[in-house]
Amino acid sequence: MTTPTIDLPGPIFAKLAPHPYQLRALSRGARTNGRATQEPRALSINASPLSHAHGSALVRLGDTTVLCGVRGELLPVEQIPQFRPLGGEEEYLEGEYGGAGGIGRGELRDYDLLVPNIELATGSAPQFLPGVPPTALAQTLSTRVYSLLHAAGLVKAGDLRVWYRPGEGKKQEDGGMEGVEQEVAEEDRVVAYWVLYIDLLFLSYDGNPFDAAWAAVVAALRDTKLPVTRWDPDREMVVCSRAEERKLNIKGLPVACSAAVFMEKEQSEAVTVAGDGRNWILLDPDRLEETLCKEMITIVVDCSDGETRIKSLEKQGGTVLGRELIRGFVGVAEERWAEVQMAMK
Amino acid sequence: MPREAEPSLNEKQFVAQALQENLRLDGREFDQYRPLELSFGDQYGVADVTLGRTRVLAKATAEVTVPYADRPLDGVFTIATELSPMASPSFEVNRPTETEVLLSRLLEKTVRRSGALDTESLCLVAGQKCWSVRVDVHVLAHDGNLIDASCAAVVAALRHFRKPDTSMDAGVLTVYTPAEREPVPLSWLHSPFCVTWSFFGEEGDIAVLDATWLEEQVRVGSCTVSLNKHGEICQIAKLGGTPVDAVALLQCTNVALARVKEFSDMLDAKLAEDAKRRDKGGFMAELRAENDR
Amino acid sequence: MDRRRINGPAGATQPPVFDDVVSQGAKTVSGRSRMPDASRKMYLKTGVTPSASGSAYLEMETSAKPGASGLKLSCSVHGPRALPRSAPFSPHIVLSTHIKYAPFATKQRRGYLRDPSERDLGIHLEAALRGAIIADRWPKSGVDIIISIVEGDQDRETSKSQGEEAWDMMNALAGCITVAAAALADAGIDCVDTVAGGVAALVQDGGADSTPTIVVDPIPSDHAKILAACCIAYLPTRDEVTNLWFRGDLPASDMDLYTHLVEKGILASRNANCVLTNCLMETIE
Amino acid sequence: MTATAAPEAALGVLPRADGSAKYSHAGYTVTASVNGPIEAQRRDELASEAHVDVIVRPAAGVGGTRERHLEVILQSSLSQIILVKNFPRSLIQIVLQVEDSPENDYVNTKIVQASLNFAVMPALMQTAVLALLSAGVPMKATATATAVAIARVDGAKKITVDPSPRDIETAQSVHVLAFTSHDELLLAESEGDFTIGEWDEVYETAKGICCRPAAAAKEGMAMVLDDDDAGGTDMRQFLRSTMESKVAADLHWK
Amino acid sequence: MTTSTGPLVLPGEALDPSLIPSHPKHPLRLGPGLRHIPPSDIVPTVAGQLTTNSHKNSLWVEANSNRYIPQQNDPILATLLRTAPDSYLLTLSPHTAPASLPHLAFEGATKKTRPILSPGQLVYARVALANKHMDPELECVNPATGKADGLGPITGPGCAFDISLGFARRLLMARSREEGGVGVLEMLAGEEPGITGGGLSFETAVGRNGRVWVGSESAATVIVVGRALQETDRNGLGMEGQRRFVKKLLREMK
């Protein structure tokens, strides 16, 4: 495909032939949305806009607007079929954040204490009309948020445990698997868990949903305050105090940074073969750009404690982004991190 | 929706005519099964059954769950049959076809309703906790007679399966991981099998066992008899099709019994053989468990 | 179990139970701070969803009572667009309205599947708008009007203890009508007039034998008892009511009570209409 | 069964599919069927190229959002190596049935919400590629994939190839990488906590497994069986030898 | 023997230039399984054995598969799906878009004399037109001579059997016994000394789309021939194996 010689008005050209349109813009040094290739949209975060949720955040990334509400509900241990009390509190201490520095471990995952879900079908964009089951995109986003929540160990399992301490303070020096067998009523024990329902609602969709959604999740969790709880032995239930609330201890500040690769050749045909043309890496792609790009990358970094830790790296759909480009992209992500950190304040 | 390819008129006519001459395209006798092969996976509860070019994989699993309110003393037992496009592009996920519905119903009646598995033994804490045993049936290749093959696979998988060991003391339930204690078999009451007859000819007077996909598309009717080696019939299903003489049906069930006996013996043999193979493995597991403590 | 969503724990989770509510079941009446005819402040903004043909966001000033927050609505309009080939011929535009509470919109967590009350709201909204749109301007085409109730008007606990969710739904509906009208205008879909919603209620604040009074834009938690209420969709310049939803029972003593109630409802929607027109003016300038 | 065993594969295991493969490695066993090019349904018909449809089915329980995610990743990667342009408006359907995944003896797994760990990805990718080859679907290149985990074992860093579920539990980060036969990075998925330096090491390790130069491999079939963690299995050579035996069988008559 | 067989090639692999034939006069002809990437790259797209014919100066990848992709002039065995105003629609292989066969593309067919075919009818035809952007078109008459050359609707007792595409190709070879290594037909026809009970009378029509028609008055014969062909194909029987199997079949017939 070549750029037509007749000069159509932008919008029409964009509609008729989006790819050449974008290509022409890029060869002139800017994207169709006027941004430079490595220029993200401004990110604004506004904390606790909701009053019924325990924590919430509204995130705007250009014309992408997502609202996240975190709500805690209580899960009594007898409601957990596979529940297994560990020994004394010491046992719980190892593996606080999603467990033993490892991923996919501990109560958070075993008991499904974190329940993120993303709703796109709010008319947030013409292709997302309600009344249909979640699209593959919505499901993929939910899964990515879910995995990252656990992998990044954002939430502390300890924050979600509800203890019953008959003899306040006094502790048995007894742990280990066998500790389970002789469970004494008087021992301190976990009676319930908080389950965090993390619901994300897209009010407006203009590309790069993951970065926006993840920022909203982090902001909402940082904003989350759960009521202080105690176990009422007589009524055998967990009672919450209206007065006292406790903030969650959120570990670090992981920030997601996504980009898409725009190929000169509209068809990915000549991949792997010499002369597959120029390509541009578009940071924070918008809706139009997403439809024109096959290869995507998302890096989640956390620079809170000095050095850059990577929490997640996802690259798929192409072969342009090799080792060097990815290394370079980490730098871009670091810059993004600083910006988002400011927005979080 | 890509529809299933119909065989040509010529083929249909030929199959029918050949049967009239006591001939089957693959040279089998009317009451002869294709070679049935059964193999178990590395893990407990995985059975792979092939019947000629038909292949079915069944996997049994168990997890602790909350019993149904109306049956506090029973465990949960489900058989999931979801045909994927792997069997044929004409199957779509989340779009049950008639084949799929029929299959799951027959398995339900044959295995579940016939009480092959003692569901009361799955109860852990009355009304609170019980085992949920689940068998997933995966049809990998479909060249006719899914029902018989699937049923054999399900029964084999469940007989082969081991669920985690548990203990109750001081009202506290402990479910042991395989590392802590060797898993234990299900309490199994009897092994039913399905035997499906296909009928051909105007009066459906030609009865054929283990029809191939081509034969199934030509047949005028079919009848599935489910029974165990003691000759106890769990169900008989003749869903529509050309009416068939009752006496002939009886004859069918007698032949069916013979086949089922063969299946049972074959399964027992295979299980024994597999147990021998695992014996060492089991011992290793014990050791592993020891070290863990 | 929904295989297309992340389902959380198998066992049932319970919303927190608070020490105070456990003891006292009776509901606290904060008392109404506004004049009977005054509606709450309303914030309205169009064009919040650029990729939609039209959109609007509406927010109601939060009432004094803690825990009970204001109404927050987001509406997007898609279309008019050609109906699918399968659809039967229609000489006029086909409205499809869709109202959904966000999971975090209310005290009790809402599911993702639409419940009957949400469907009802959708039907009322459809009726209210049909009277306003010049439908025959787009034969064989359809338009989707989608409203997310980001935050419900009332905390459901109280409304539950009252056993009268309907009052909340009426307030919600009034808001939905107004925000939808704004979004339609933003989408440039011709209407005969700007429709807006309003609620009026017959309340009894001073015990059982006190004389009931009529207030506009009621907040259930402000009042001891709501006897009846009506939600009205109203076209001011044409002086037409496109949808009227009445609920409750009126004392037989006063025959005109119903008429008064409706009049107040119209007043309420007039109030809303001012905000609406102002908002649209601004966008034009 | 054991995670260190060399990969095994059989082609054409499903008689009625256009192409099929059964692949077991690192405790995973996956069977794949490929059908196509066949007629695409209206909704996913593409005017200028074939629609690649990937379906991932867990061994037990119903598939959920996690499976959709895996499907999306595989779909976008495989359509890169398949010559989709050759078959406009058609469908190439790949069904991946997980038969076995390594069990973690230290946990009792949950089934109802089956959620495949993404360490299954290499097995899925490899099986899909083999099935595509067996179906003779025209491709630009082949691909090889592997999984790598980084763990801290008493302070020291330990890189594990083809980690077991136990390894993954205790790992600090887990990585899945896939390369085309032209040594290009086709897919990279990592989660956990790591530095770019660590990722580099992972990259090197993975590349060593997926893209060992043929020259090195030529030093005898022994390479296929070698599976020490240092070198790891030579996936490319494995692919080659698998296809060699398939083609030899097909062309026995020559 | 002008055709020489090269090494195994995988999609995307670079070819050893020495393997590419260079005939002074004839232009280089690329067969199936290869694509030319301008300017001068020749790259395999399927896994198979690189085969060259120095005489024709042609080069292709020998492989076997099940999914038929229409090629011009291929003889095929198709099933009639339905009748369109001026043509018949036929299926070449399951789940693919139907091919069209004009009503007048039969020997001596006119509006009046054209054969009337009913759905399900098997037709032996030739692919007249095939390209990736259009559904294929068939003909039952040689446009040059106007003769049927044995093409047309298949009548008379007999049955069609599925075979692999590679096997169909072998059967269609001019000297299928010597080049293709298929001897069962001669053996059954009793043209092979040392095989008693042969001399069966039957006819066959081989379709490139992996279907072979066996016609005979005796159903038993049809079945025996069909089984012999399928067995030879599926279990890759060599000459000796074929001989043994044929003997077995003939014994059973008694």
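Proteins get letters first, then strands, A, B, ... in listed order; numbering begins at 1 in each.
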Among the options A:Leu129, A:Val195, A:Thr65, pick out the one with the most heavy-atom pairs lying under 4.5 Å from chain C. A:Leu129
Ionic contact status for A:Lys225 with A:Glu245, cut-off 4.0 Å: no
NE2 of A:His54 to CD of A:Glu73, rounded to nearest 0.5 Å, is 8.5 Å
Side chain, backbone, both or neither: which part of C:Ser51 has a non-hydrogen atom closer than 4.5 Å to chain A? both
Under 4.5 Å from any heavy atom of chain C, what part of A:Ser124 do you find: side chain, backbone, both or neither? backbone
Please classify the contact between A:Pro116 and chain C as side chain, backbone, both or neither, with a heavy-atom cut-off of under 4.5 Å. both
Could you check whether any side-chain heavy atom of C:Cys176 comes within less than 4.5 Å of a side-chain heavy atom of C:Cys75, counting everything from C-beta outward? no
What residue, out of A:Asp63, A:Asn117, A:Val115, has the most heavy-atom pairs lying under 4.5 Å from chain C? A:Asn117
So which part of C:Val77 gets closer than 4.5 Å to some heavy atom of chain A, the side chain, the backbone, both or neither? neither
For A:Val145, the option from A:Leu141, A:Thr143, A:Leu149 that meets side-chain contact (heavy atoms from CB on, under 4.5 Å): A:Leu149
Does a side-chain N-to-carboxylate-O contact under 4.0 Å join A:Glu107 and A:Arg161? yes
Do the side chain of C:His124 and the main chain of C:Asp120 share a donor and acceptor less than 3.5 angstrom apart? no
Using non-hydrogen atoms and a 4.5 Å limit, figure out which bit of A:Pro227 sits close to chain C: side chain, backbone, both or neither. side chain
Give, for atom CZ of A:Arg35 and atom CG of A:Asn33, the distance between the pair rounded to the nearest 0.5 Å. 4.5 Å
Heavy-atom pairs under 4.5 Å with chain A - which of C:Ile145, C:Val48, C:Thr49 has more of them than the others? C:Thr49
Under 4.5 Å, counting heavy-atom pairs only, tell me which of A:Leu203, A:Asp232, A:Thr135 racks up the most with chain C. A:Leu203
Output the option from C:Ser148, C:Ala52, C:Ala12, C:Ser55 having the highest count of non-hydrogen pairs under 4.5 Å with chain A. C:Ala12
Less than 4.0 angstrom from a charged side-chain N to a carboxylate O is my criterion; do C:Glu118 and C:Arg110 meet it? yes
Which atoms of C:Arg81 approach chain A - backbone, side chain, both or neither, heavy atom under 4.5 Å: side chain
Taking side chain as everything from C-beta outward and backbone as N, CA, C, O, which of these in A:Ile80 sits under 4.5 Å from a heavy atom of chain C? Side chain, backbone, both or neither. neither
Is chain C contacted by the side chain of A:Asp206, its backbone, both, or neither, given a heavy-atom distance below 4.5 Å? neither
Taking side chain as everything from C-beta outward and backbone as N, CA, C, O, which of these in A:Val238 sits under 4.5 Å from a heavy atom of chain C? Side chain, backbone, both or neither. backbone
Between A:Lys247 and A:Asp159, does any NZ, NE, NH1 or NH2 come within less than 4.0 Å of an OD or OE carboxylate oxygen? no
Is it the backbone or the side chain of A:Arg287 that comes under 4.5 Å from a heavy atom of chain C, or both, or neither? side chain
Between C:Gly79, C:Ser76, C:Ser74, which has the largest tally of heavy atom pairs under 4.5 Å with chain A? C:Ser76
Hey, could you give me the CG/CH2 distance between A:Leu160 and A:Trp194, rounded to the nearest 0.5 Å? 9.5 Å
